[in-house]
There are 2 protein chains.
Amino acid sequence: MRVLGDPLRMRIVSLLARETLCTTHLVAETGARQTNLSNHLKVLREAGVVETEPCGRFTYYRLRPEALDAVSASLAELAATARATGAADNRRAC
Amino acid sequence: MRVLGDPLRMRIVSLLARETLCTTHLVAETGARQTNLSNHLKVLREAGVVETEPCGRFTYYRLRPEALDAVSASLAELAATARATGAADNRRAC
DNA sequence: TGCTAACGTCAGTCCGTGTTGATATCAGTG
DNA sequence: CACTGATATCAACACGGACTGACGTTAGCA
């Protein structure tokens, strides 16, 4: 959740959703410096959002759908409980 | 998405999912200063994540489930496309 | 075996933004 | 009407984290 808060990282995630890419492609697509991307990719990797596949001197990055599904599900659950408390008008007295 | 990246804001959202609360309660629950919470609540309000209901000199904050559902759905869609590209082994050549 | 291109790491800078204190406002309450 | 408590706004401040430049490493290729 926290790691998806950064705009550039969300951009990376969107791009990787459609294609498996390597760093060079991401540099070309986003216009960001290679070093900067490498940092963000490290964050995404350590968060389990993406996984790498070394291919010669290239490194392909692929999205892990489970990670996105997990946050999506937890947000959906929050929305469901919120809907329930709204329907029950469950409020704490002051 | 961006607004949900902050830990304190996610905390607020979690609390509001279960109960409709006013600022005082949130101060007690989170331990954060009133001013700080007011700022975060403003951000959430302007993002359409929460809505307010003035009640005398109190202000109740309630979660808007549609907002959470929206981000949840968009993440789920990203996950779906990612799964499809993974299955098709859709990668860009270097 | 030199050369280049791809990628990661490190240390430092810089900026956005979360945090705070002071202040204003408004609603109850005595 | 004076007073207190709830909340929002404003103007700094501080700090984490995004961004950068320099460098090291590895893999292909001539």
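Just so we're on the same page: letters track the sequence lines, and every chain starts at 1.
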Check every strand shown and say whether T59(B) touches a base, only sugar-phosphate, or nothing at a heavy-atom separation below 4.0 Å. sugar-phosphate
Which one, dA5(C), dG8(C), dA8(D), comes nearest to the side chain of R57(A)? dA5(C)
When we call it a touch if two heavy atoms are under 4.0 Å apart, what does T23(B) touch: a base, just sugar-phosphate, or nothing? sugar-phosphate
Is the distance from OP1 or OP2 of dT17(C) to the nearest side-chain N or O of R2(B) less than 4.0 Å? yes
Please tell me if N39(B) has a side-chain N or O lying less than 4.0 Å from either OP1 or OP2 of dG18(C). no
H40(A) has its side chain closest, among dT19(C), dA18(D), dC10(C), to dA18(D)
H25(A) atom NE2 is separated from dA5(C) atom P, nearest whole Å, by 16 Å
Atom-to-atom span, CG of L26(A) to C1' of dC19(D) - whole angstrom: 17 Å
Provide, to the nearest angstrom, the distance between the CG atom belonging to L41(B) and the P atom belonging to dA6(D). 16 Å
Which nucleotide wins on minimum distance to the side chain of C22(A), given the candidates dA8(D), dC7(C), dA18(D)? dC7(C)
Examine the base of dA6(D) for any acceptor or donor lying under 3.5 Å from a partner atom in the side chain of Q34(B), and report the outcome as yes or no. no
Check every atom of dT9(D), dC7(C), dT9(C) against the side chain of K42(A) and return the nucleotide holding the closest atom. dT9(C)
Given DNA chain C, 5'-ward residue of the pair L37(B) and C94(B), judged by closest heavy atom: C94(B)
Can you tell me how far C1' of dA18(D) sits from CE of M10(A), to the nearest Å? 17 Å
Report the nucleotide, chosen from dT9(D), dT4(C), dT9(C), that has the shortest atom-to-atom distance to any side-chain atom of S38(A). dT9(C)
Roughly how far apart are R92(A) CZ and Y60(B) OH, rounded to 0.5 Å? 10.0 Å
Could you grab the distance from atom CG of N90(B) to atom CG of L21(A), nearest 0.5 Å is fine? 9.0 Å
Once you round it to whole Å, what is the distance between C1' of dT7(D) and OH of Y60(B)? 14 Å
L44(B) CG to dT7(D) C1': how many Å, rounded? 16 Å
Whole angstroms only, please: what is the CG-C1' distance between N36(B) and dG21(C)? 12 Å
What's D6(A) touching, base or sugar-phosphate or nothing? Going by heavy atoms closer than 4.0 Å. sugar-phosphate
Should the heavy atoms of other residues, nucleotides or ligands under 6.0 Å from CZ of R91(B) be counted, would the total exceed 12? yes
The reported gap from NE2 in H40(B) to CG in N36(B) (rounded to nearest 0.5 angstrom) is 4.0 Å
Students often get this wrong, so: under 4.0 angstrom with heavy atoms, is T24(A) touching a base, only sugar-phosphate, or nothing? sugar-phosphate
Tell me whether the side-chain N/O atoms of Y61(B) come closer than 4.0 Å to OP1 or OP2 in dA8(D). yes
Looking at every strand, decide which applies to L8(B) at a 4.0 Å heavy-atom threshold: base, sugar-phosphate, or nothing. sugar-phosphate
If you round to the nearest 0.5 Å, how far is OG1 of T81(A) from CG of L63(B)? 8.0 Å
Under 4.0 angstrom between R33(B) side-chain N/O and dG21(C) OP1 or OP2: yes
How many angstroms lie between atom CD of E77(A) and atom CG of L68(B), to the nearest 0.5 angstrom? 11.5 Å
Phosphate oxygens OP1/OP2 of dG18(C): is one of them under 4.0 Å from a side-chain N or O of R9(B)? yes
